[in-house]
Amino acid sequence: MTGNTEHHNETISSDDNQQPGRHRLDKSMKRRRVLIGGTAAAAAGGLAVAGFASADTTSGGTAASAEAAAEASSGTSATSGVCTLNAEVTEGPYSLDGALVREDIREDKEGFEVRYTFTVVDQAADCAPLADALVEIWHCDALGEYSGFVGGNGHQEEDNGTFLRGGQLTDANGQCSITSIWPGHYVSRAVHVHMRVHTEVTLTDDSYTGGEVIHTGQLFFDPDINEEIQATSPYSANTTKETALADDSIYDDGGASSGLLTLTALGSGVSDGYKATITVGVDSA
């Protein structure tokens with residue numbers, strides 16, 4: 001995987017050319033704007049934000065997210081909330097179509113449990129929760145290997161093309177949960193998870209057809225927690241070079257506005273796993 005970098009803002013890496021037709025974003029495509037905020041902005045009874053502030057991802061995004069979270073948690077009127085806007089990024093060279101619709105995507109993969117909760121809100125509807133959206137995620141295993149592309153990080157293992165891939169439909173509150181493991185790492189990228197949000201899909205027995213992708217993004221993890229995890233078995237068996245979050249080519253230090261997850265420990269140690277939450281805003285218009 002040496003040289004397999006994924007660049008910010010629709011720039012496709014040299015290895016992307018090995019997967020023709022898999023990328024939905026390119027330089028000539030008009031950039032769709034999305035909003036991403038911390039989960040504190042979404043209360044159980046609905047989202048406590050309605051206003052929008054156009055903020056560049058490299059300046060002011062973190063402050064705007066913090067303001068929105070503070071206002072929501074203090075019960076401030078919905079009209080005073082702030083939604084932080086930021087751009088989509090490339091889905092990378094390891095995407096596959098036709099993800100399984102399921103809550104648990106681990107299969108038999110070893111690793112520390114991560115329970116994701118996503119809250120999807122719609123900019124086109126004043127930040128109202130978006131129901132029946134398919135939130136799809138995929139990421140590498142503890143050895144840095146993606147299903148469907150095993151060997152890319154130098155490890156040989158069984159490849160069924162489906163492990164650590166899948167999605168769930170959001171409910172009436174715009175929420176869905178997916179259970180997986182903490183990802184490993186591979187050459188040139190910090191530890192991350194890929195995500196797409198689809199609308200108007202048709203469910204099959206275990207997957208989906210049709211629909212439209214309205215958001216493509218990536219999710220990131222606290223670097224201190226990640227450092228401890230990557231040094232612990234089974235992650236420590238992966239001896240390929242790891243890229244720090246601060247040096248990642250995609251993450252721009254924008255906190256939740258750039259995909260940084262809010263983590264809550266499930267136990268007393270990293271091996272007990274984490275709950276990971278984030279509010280993702282999309283524009284369905």
Side-chain angles (χ1 to χ4, degrees), residues 3-16 23-41 49 52-70 82-95 116 118-121 123 135 137-140 182-183 185-197 213-227 230 241-263 276-283:
N4 179 25
T5 56
E6 301 168 39
H7 299 288
H8 207 329
N9 298 339
E10 296 89 49
T11 301
I12 305 303
S13 69
S14 58
D15 280 4
D16 289 351
H23 295 277
R24 304 174 193 276
L25 302 178
D26 57 45
K27 297 178 184 178
S28 63
M29 181 177 183
K30 180 179 180 181
R31 291 171 55 172
R32 179 184 292 116
R33 303 292 290 179
V34 302
L35 57 121
I36 299 182
T39 53
V49 289
F52 297 90
S54 180
D56 188 274
T57 54
T58 59
S59 61
T62 302
S65 293
E67 182 181 350
V82 177
C83 291
T84 302
L85 300 178
N86 79 306
E88 293 190 346
V89 298
T90 176
E91 66 185 15
Y94 300 115
S95 64
Y116 296 94
F118 300 101
T119 302
V120 182
V121 295
Q123 179 182 11
V135 178
I137 64 172
W138 67 98
H139 60 83
C140 66
W182 194 285
H185 66 272
Y186 57 92
V187 175
S188 80
R189 287 298 315 280
V191 172
H192 63 283
V193 171
H194 296 268
M195 176 178 63
R196 288 189 292 226
V197 179
V213 176
I214 60 172
H215 172 59
T216 302
Q218 296 185 24
L219 308 172
F220 300 92
F221 299 82
D222 179 272
D224 293 332
I225 298 174
N226 179 67
E227 181 179 5
Q230 298 300 318
K241 181 177 175 59
E242 182 179 359
T243 298
L245 182 62
D247 298 325
D248 189 73
S249 60
I250 299 293
Y251 182 69
D252 61 6
D253 200 29
S257 65
S258 298
L260 187 66
L261 294 157
T262 297
L263 300 172
T277 57
I278 194 167
T279 296
V280 181
V282 299
D283 185 356

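If you're wondering where the values come from, they're calculated on a predicted model, not measured in any experiment. We're numbering straight along the sequence, starting at 1.
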Within a strict 4.5 Å, meaning less than it, do heavy atoms of the Val89 and Thr216 side chains meet? no
Sorted by chain and residue number, the side chain to side chain donor-acceptor pair (under 3.5 Å) partners of Gln230 (sequence neighbours excluded) come out as His185, Asn226
Distance col, row Asp247:CG vs Ser188:OG, nearest 0.5 angstrom, shows 12.0 Å
Ignoring hydrogens and geometry, is there a side-chain-to-backbone donor-acceptor pair from Gln218 to Thr90 under 3.5 Å? yes
When rounded to the nearest 0.5 angstrom, what distance separates CG in Asp222 from CG in Leu263? 6.5 Å
Any side-chain heavy-atom pair of Val120 and His215 under 4.5 Å: no
Listed by chain and number, what are the ring pair (Phe, Tyr, Trp, His ring centres under 6.0 Å) partners of Trp182, not counting sequence neighbours? Phe221, Tyr274
Check whether any side-chain heavy atom of Glu91 sits under 4.5 Å from a side-chain heavy atom of Arg196, and report yes or no. yes
Can you tell me how far the CD1 atom of Ile250 sits from the OG1 atom of Thr243, to the nearest 0.5 Å? 11.5 Å
Could you give the distance from CG (Leu245) to CZ (Arg189), rounded to the nearest 0.5 Å? 9.5 Å
Within the structure provided, determine whether Val193 and Phe220 are in side-chain contact (heavy-atom separation under 4.5 Å). no
Asp283 vs Ile214, side chain to side chain contact (heavy atoms under 4.5 Å, CB included): CA-CA, chis, key distance, verdict: CA-CA 7 Å; Asp283 185 356; Ile214 60 172; over 6 Å; no
Let me see the working for Val121 and Thr279 under side chain to side chain contact (heavy atoms under 4.5 Å, CB included), right down to the final yes or no. CA-CA 7 Å; Val121 295; Thr279 296; 4.1 Å; yes
Would you please classify the geometry between the Phe118 ring and the Tyr116 ring as parallel, tilted or perpendicular, with 30° and 60° separating the classes? parallel
How long is the gap from CG on Asp252 to CG on Leu260, to the nearest 0.5 Å? 11.0 Å
Are Val191 and Glu242 close enough, and set up right, to give a side chain to side chain contact (heavy atoms under 4.5 Å, CB included), and what steps lead you there? CA-CA 8 Å; Val191 172; Glu242 182 179 359; 3.7 Å; yes
Criterion ring pair (Phe, Tyr, Trp, His ring centres under 6.0 Å) against His192, the qualifying member of Tyr94, Tyr186, Trp138: Tyr186
